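In what follows, a structure is listed as structure tokens, so that the remarks can point back to it.
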There are 2 protein chains.
Amino acid sequence: MSERRTRKSPNTIDLVVFTALKDQLAVLLWRTPDAREKWALPWEQPPSDETLDGSAGRIAAEALGALPGWLEQLGAFGNEKRHPSESEISVAFVGLVPAGTPPPVGGAYAWFPVGELPILAARQRTMLDGAISMLRVRMDQSPVAFRLLPPTFTLSDLQHMYELLLGKRLHKASFRRALQAAWLVEPTEEWRSEGRGRPAQLFRYAPRKRRPTQRGIRLDMLTS
Amino acid sequence: MSERRTRKSPNTIDLVVFTALKDQLAVLLWRTPDAREKWALPWEQPPSDETLDGSAGRIAAEALGALPGWLEQLGAFGNEKRHPSESEISVAFVGLVPAGTPPPVGGAYAWFPVGELPILAARQRTMLDGAISMLRVRMDQSPVAFRLLPPTFTLSDLQHMYELLLGKRLHKASFRRALQAAWLVEPTEEWRSEGRGRPAQLFRYAPRKRRPTQRGIRLDMLTS
DNA sequence: TCAATAGTGTCTGTTAGACATTATGGA
DNA sequence: TCCATAATGTCTAACAGACACTATTGA
């Protein structure tokens with residue numbers, strides 16, 4: 001009835017894993033075993049009996065040594081754009097790992113700042129652009145910024161991450177007021193001193209349920 | 001080198017097409033040619049040389065006689081859930097057609113209010129739930145409400161559509177103020193009288209570019 | 001001491017939501 | 001005329017952004 005050996009899927013799972021690197025987003029790339037120096041998003045033709053989410057998690061864990069703190073499907077990309085494989089459809093996943101996560105040893109993987117990317121296959125380039133858009137859009141629905149930070153962080157760290165993702169400066173007092181109103185973080189007992197200046201208290205991500213205030217509706221951004 | 005005849009893809013394209021029907025969202029379903037009365041989301045194994053978007057548009061046009069006013073990919077759904085086909089991956093698309101669009105004659109298609117749906121295959125049920133979530137999320141990024149309305153509509157029509165999609169009542173004066181500030185609609189010369197009460201002016205969707213005001217940041221909705 | 005960063009209090013213009021009022025048709 | 005709905009004006013509480021100020025460290 002069912003085959004004993006699992007077949008390879010005719011499709012691929014591709015990963016766009018981000019981290020924060022020196023005030024820039026960075027993407028995990030994999031050095032292809034080809035002749036020349038070539039880089040690609042990690043991808044694989046998964047076994048047919050695996051779930052999409054399962055494949056993505058497994059591939060990420062194999063590449064990084066641990067599961068990303070956040071992993072979500074971006075979508076399917078078809079044969080109108082070239083892919084390293086001959087696959088028909090590639091399903092892209094977006095993952096986030098905290099700043100400071102090193103790529104696995106061996107040199108097969110490396111972090112590339114999104115501003116200094118090598119040439120990628122067209123289909124993977126499209127995925128990457130879509131992934132960055134997705135992060136912006138998902139910021140206020142998922143704890144994107146927190147998954148790019150270590151478990152404890154200063155409020156300045158957090159604000160810088162938001163500014164990196166949004167691509168604009170934020171007002172310090174307003175940011176902290178909004179943070180307090182949203183009950184997203186709780187203070188720890190630790191403080192961190194970095195160079196000069198007053199030490200900053202460390203916080204951790206600890207969302208509490210709050211009354212769904214959600215004043216008003218937003219029609220502004222309808223035509224971006 | 002390349003095959004002469006186009007192969008069928010091992011994957012499927014599935015459509016979740018919505019319209020507005022009596023204060024409810026409704027979905028286009030297709031009567032399967034099986035023995036018993038069974039309904040399914042329209043789906044197809046497209047030829048391998050077609051793009052994903054192209055397939056979705058073609059299938060929608062075949063089912064409805066015209067392209068939906070809005071059509072966007074929802075994502076890929078894998079083999080962890082059952083599908084009418086034996087396909088490995090199904091790529092779902094979400095489409096919107098104006099209220100009042102009839103299903104094609106012949107009885108093969110029908111609109112079902114989302115509250116009164118028949119049993120669907122698990123994978124298609126998951127797509128449907130995802131599609132509804134997507135509409136909510138995309139409302140303030142795409143003209144979702146406008147694509148569910150005819151070309152001209154009253155401001156009350158528009159507000160009702162927003163209320164239907166958001167699942168909550170909106171304040172009339174605030175809604176209209178926000179609408180005016182966003183420069184999304186322009187008045188026509190026509191007025192419509194429905195039963196008693198003052199006739200309402202008809203408007204059309206006509207977005208103008210505006211300065212990106214976008215006051216503040218939204219951290220509230222981070223934990224929904 | 002100065003410089004630099006963390007964290008907080010206050011003020012002000014803007015706006016969402018409430019309420020009231022006018023406008024205009026049908027019954 | 002009364003009623004129902006459209007459309008608009010006004011008031012108020014809430015809030016984003018600006019500014020200023022204090023706090024606390026290293027140089």
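Remember, predicted model here, so these are calculated numbers, not experimental data.
Following rounding to the nearest Å, B:Leu179 (CG) and D:dA6 (P) show an atom-to-atom distance of 14 Å. Atom pair A:Gln180:CD and D:dA14:P shows a separation of 17 Å (rounding to whole Å applied). A:Trp191 has its CH2 atom 8 Å from the C1' atom of C:dA6, to the nearest Å. When the C1' atom of D:dA16 is taken as reference, atom CZ of A:Phe175 falls 14 Å away, rounded to whole Å.
With no hydrogens or angles considered, a side-chain donor-acceptor pair links A:Ser174 and A:Arg177 at under 3.5 Å. A donor-acceptor contact closer than 3.5 angstrom is absent between the side chains of A:Asp129 and A:Thr126. For the residue pair A:Asp53 / A:Thr51, no side-chain donor-acceptor distance below 3.5 Å is found, with atom types taken as modelled. Side-chain atoms of B:Arg136 and B:Ser133 form no donor-acceptor pair, as typed in the model, at a separation below 3.5 Å.
If you check every strand for non-hydrogen atoms under 4.0 Å, B:Gln201 touches sugar and phosphate atoms only.
Rounded to 10 degrees, the angle separating the terminal axes of the helix from C:dT1-D:dA27 to C:dA27-D:dT1 is 10°, with each axis obtained from five end pairs.
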Distance-only criterion, 3.5 Å: show the donor-acceptor pairs between side-chain atoms of residues 115-123 of chain A and protein atoms not counting sequence neighbours.
unit_1   : atom_1 : unit_2  : atom_2 : d
A:Arg123 : NE     : A:Gly78 : O      : 3.1
A:Arg123 : NE     : A:Lys81 : O      : 3.1
A:Arg123 : NH1    : A:Ser87 : OG     : 3.4
A:Arg123 : NH1    : A:Ser90 : OG     : 2.7
A:Arg123 : NH2    : A:Gly78 : O      : 3.4
A:Arg123 : NH2    : A:Lys81 : O      : 3.3
A:Arg123 : NH2    : A:Ser87 : O      : 3.3

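Within residues 149-160 of chain B, no residue places a heavy atom under 4.0 Å from DNA chain C.
Annotation: side chain of A:Tyr205 is not in contact with side chain of A:Thr152 (no heavy-atom distance under 4.5 Å).
The distance between the ring centers of B:Phe153 and B:Phe203 does not fall below 6.0 angstrom.
Residue pairs that meet the ring pair (Phe, Tyr, Trp, His ring centres under 6.0 Å) test with at least one member in residues 112-141 of chain B, sequence neighbours left out, are B:Trp39-B:Phe112.
Partners of A:Arg147 under the salt bridge (Lys or Arg N to Asp or Glu O under 4.0 Å) rule, at least two apart in sequence or in another chain, do not exist in this structure.
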Tell me, for nucleotides 18-27 of chain D in 5' to 3' order, what letter each nucleotide earns: B for a base near a protein heavy atom under 4.0 Å, S for only sugar-phosphate near one, - for neither?
B----BBBBS
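Classification of the B:Trp30-B:Tyr109 ring pair by plane angle, with boundaries at 30° and 60°, yields tilted.
Residue A:Arg176 has a polar side-chain atom (N or O) positioned under 4.0 Å from OP1 or OP2 of C:dG7.
Residue A:Gln24 qualifies as enclosed at atom CD: its count of foreign heavy atoms under 6.0 Å is above 12.
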